[in-house]
Amino acid sequence: MTDDDTVASDDGGLLLRPARSRTDLQLAAESVPDDDADENDTSDDHHLTGRERTTGEFRNLDVDLSEPSTGIDDVAFLTRSPHRVVALEALSDAPQDRDDLRAVTGSSSSTVRRLLREFEDRNWVERTGHHYQATQLGAFVARAMTAVIDRIETERRFREIWEHAPGEDDGFTIDMCIDATVTVAEPTNPYCTIDRFRSLLKAASEFRFVGPQVALVEPCLDELRNHLDDGLDLRVIDQPERAESFLRSHPEYTALLLEGDDPPVLVHDDLPTYGIVISDDRVAICCCDGDTGTVQAVIDTDAPAARQWAESAYERYLHEASPLDLE
């Protein structure tokens with residue numbers, strides 16, 4: 001994981017960056033040297049189509065014209081410099097002149113000129129006066145590239161923590177997390193997962209969780225007690241030995257959590273190594289190290305598919321759970 005993949009959270013923690021927007025790609029384009037740039041290029045800006053070019057005028061192109069090109073060649077062309085996808089996205093949104101494209105991509109005039117020529121060669125753009133706009137083909141390619149980049153960026157966010165998350169055997173898929181907030185514990189800020197958990201708890205009027213959240217709950221006991229006094233609808237399903245240990249360490253919570261006709265704390269003998277949190281409008285997955293029990297990351301989202309999965313898993317464990325007996 002690199003610094004480019006992270007941003008500071010409102011909780012002071014470290015969040016993995018969501019899938020990139022065009023602004024992210026623009027910043028990337030501006031920070032990467034132009035492999036198209038040619039500072040000695042003094043050629044004029046007159047419009048040339050592929051048919052009007054001579055063999056010598058193709059020397060700066062990325063495609064070997066002696067061999068038939070393939071889709072992979074076009075993907076390689078677009079991804080070789082970040083500004084190419086940015087430019088094609090901009091041209092898909094609205095007509096752009098060369099000054100617009102220089103501003104959007106941070107590229108030189110000669111780079112923009114050559115890029116437009118290559119787009120025209122592929123029938124991805126068309127020109128009207130001084131403005132260019134993507135054709136249907138160009139817009140189709142731009143949408144496809146954006147989708148590919150978003151999926152790869154999603155995978156990068158989960159690459160180092162995926163082993164601690166629920167898997168396909170649990171009915172969980174990465175597609176449920178495309179727009180998730182992912183908070184990862186870092187050596188420089190090991191408590192950012194607790195801060196994220198606390199922020200979810202503060203915003204909730206309903207809070208249900210299954211599994212090993214004790215490491216997150218204990219630092220938030222004051223907030224939890226205040227929320228319970230204010231009417232928080234709480235339900236906890238944990239392993240018997242873990243719940244018992246927690247309540248023996250905090251006996252002042254025994255009456256609050258165990259007594260009554262519908263006690264908030266239930267136990268289950270066979271829970272997953274990850275935790276599931278369901279609040280008013282978000283669900284969270286607490287990714288825990290199976291050996292140490294430490295929380296490595298908190299993934300939270302408001303995606304309907306993720307909520308449906310979490311609700312189903314919770315109901316299954318709730319049906320099999322029983323009250324904790326401390327006797």
Side-chain angles (χ1 to χ4, degrees), residues 1-21 23-25 27-29 31-32 75 79 82 85 145-201 209-220 242 271-279 282-303 305-307 309-310 313:
M1 178 165 47
T2 68
D3 290 342
D4 292 336
D5 295 321
T6 61
V7 293
S9 73
D10 293 338
D11 306 315
L14 197 63
L15 306 186
L16 289 183
R17 186 187 296 274
R20 291 190 180 185
S21 63
T23 301
D24 298 317
L25 288 171
L27 294 173
S31 65
V32 174
V75 171
T79 58
V85 175
M145 289 302 301
T146 299
V148 169
I149 291 169
D150 285 350
R151 293 184 76 85
I152 296 299
E153 289 296 340
T154 297
E155 184 278 331
R156 286 172 59 87
R157 293 159 62 208
F158 291 98
R159 190 174 295 174
E160 295 185 18
I161 63 171
W162 192 247
E163 64 177 305
H164 303 301
E168 278 190 278
D169 291 344
D170 304 301
F172 188 81
T173 68
I174 194 171
D175 294 292
M176 298 176 183
C177 304
I178 288 176
D179 296 318
T181 297
V182 183
T183 309
V184 180
E186 296 286 335
T188 55
N189 191 358
Y191 303 112
C192 59
T193 52
I194 295 171
D195 292 336
R196 185 59 183 171
F197 183 85
R198 179 181 284 117
S199 70
L200 294 172
L201 178 61
F209 56 88
V210 176
Q213 270 82 227
V214 170
L216 295 175
V217 171
E218 286 197 280
C220 305
R242 203 156 47 207
L271 294 178
T273 57
Y274 54 85
I276 302 170
V277 177
I278 303 172
S279 64
R282 297 188 75 79
V283 299
I285 310 299
C286 301
C287 302
C288 303
D289 186 298
D291 296 327
T292 65
T294 57
V295 179
Q296 303 295 308
V298 174
I299 306 166
D300 62 276
T301 179
D302 59 0
R307 188 172 192 89
W309 172 84

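The first residue of the sequence shown is numbered 1, and numbering continues consecutively from there. Computed from heavy atoms alone, side chains included, the values below leave out hydrogens, waters and symmetry copies.
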Fill in the blank from the handout: When rounded to the nearest 0.5 Å, the distance separating CG of D179 from CG of D150 is 8.5 Å
Practice task
May I have the step-by-step check of side chain to side chain contact (heavy atoms under 4.5 Å, CB included) for R307 and I278, ending in yes or no?
Solution key: CA-CA 8 Å; R307 188 172 192 89; I278 303 172; 3.5 Å; yes
Exercise for the section: Start with the C-alpha distance between I299 and I161, add both sets of side-chain angles, then the distance that settles side chain to side chain contact (heavy atoms under 4.5 Å, CB included), and finish with yes or no. Expected result: CA-CA 10 Å; I299 306 166; I161 63 171; 4.2 Å; yes
Handout entry: Atom pair CD/OG1 of E163 and T273 - distance to nearest 0.5 Å
Key = 10.0 Å
Exercise for the section: To the nearest 0.5 Å, tell me how far Q296 CD sits from E186 CD. Expected result: 10.0 Å
Problem - Salt-bridge present (E153, R157; N to O < 4.0 Å) - result: no
Handout entry: Heavy-atom pair with the smallest gap, counting every atom of V85 and I149
Key = CG1-CD1, 3.9 Å
Exercise for the section: Applying side chain to side chain contact (heavy atoms under 4.5 Å, CB included), run through M145 and T79 and close with a yes or a no. Expected result: CA-CA 9 Å; M145 289 302 301; T79 58; 3.6 Å; yes
Practice task
Heavy atoms only: give me the nearest G171-W309 pair and the separation to one decimal.
Solution key: O-CD1, 3.3 Å
Completion exercise
Distance col, row I178:CD1 vs E155:CD, nearest 0.5 angstrom, shows 12.5 Å
Problem - Pairwise side-chain contact, D170 with P272, heavy-atom cut-off 4.5 Å (strictly under) - result: no
Handout entry: Heavy-atom check, side chain of I174 versus side chain of E168, under 4.5 Å
Key = no
Exercise for the section: Start with the C-alpha gap between T301 and C177, add the side-chain angles, then the distance that decides, and say whether side chain to side chain contact (heavy atoms under 4.5 Å, CB included) holds. Expected result: CA-CA 7 Å; T301 179; C177 304; 5.7 Å; no
Fill in the blank from the handout: Shortest non-hydrogen pair, T193 vs A297, comes out as CG2-CA, 3.9 Å
Completion exercise
For C288 and V295 the tightest heavy-atom approach is SG-CG2, 4.0 Å
Problem - Closest heavy-atom pair and its distance - T173, W162 - result: C-CH2, 4.3 Å
Practice task
Say whether, by atom type as modelled, one donor and one acceptor occur between the side chain of R196 and the main chain of D300 under 3.5 angstrom.
Solution key: no
Handout entry: Contact summary for C286 and V298, nearest pair of heavy atoms
Key = SG-CG2, 4.5 Å
Practice task
Measure the CG-CD1 distance between L271 and I276 for me, rounded to the nearest 0.5 Å.
Solution key: 9.0 Å
Practice task
Give me the ring orientation class for F197 and F209: parallel if the planes are under 30° apart, tilted from 30 to 60°, perpendicular past 60°.
Solution key: perpendicular
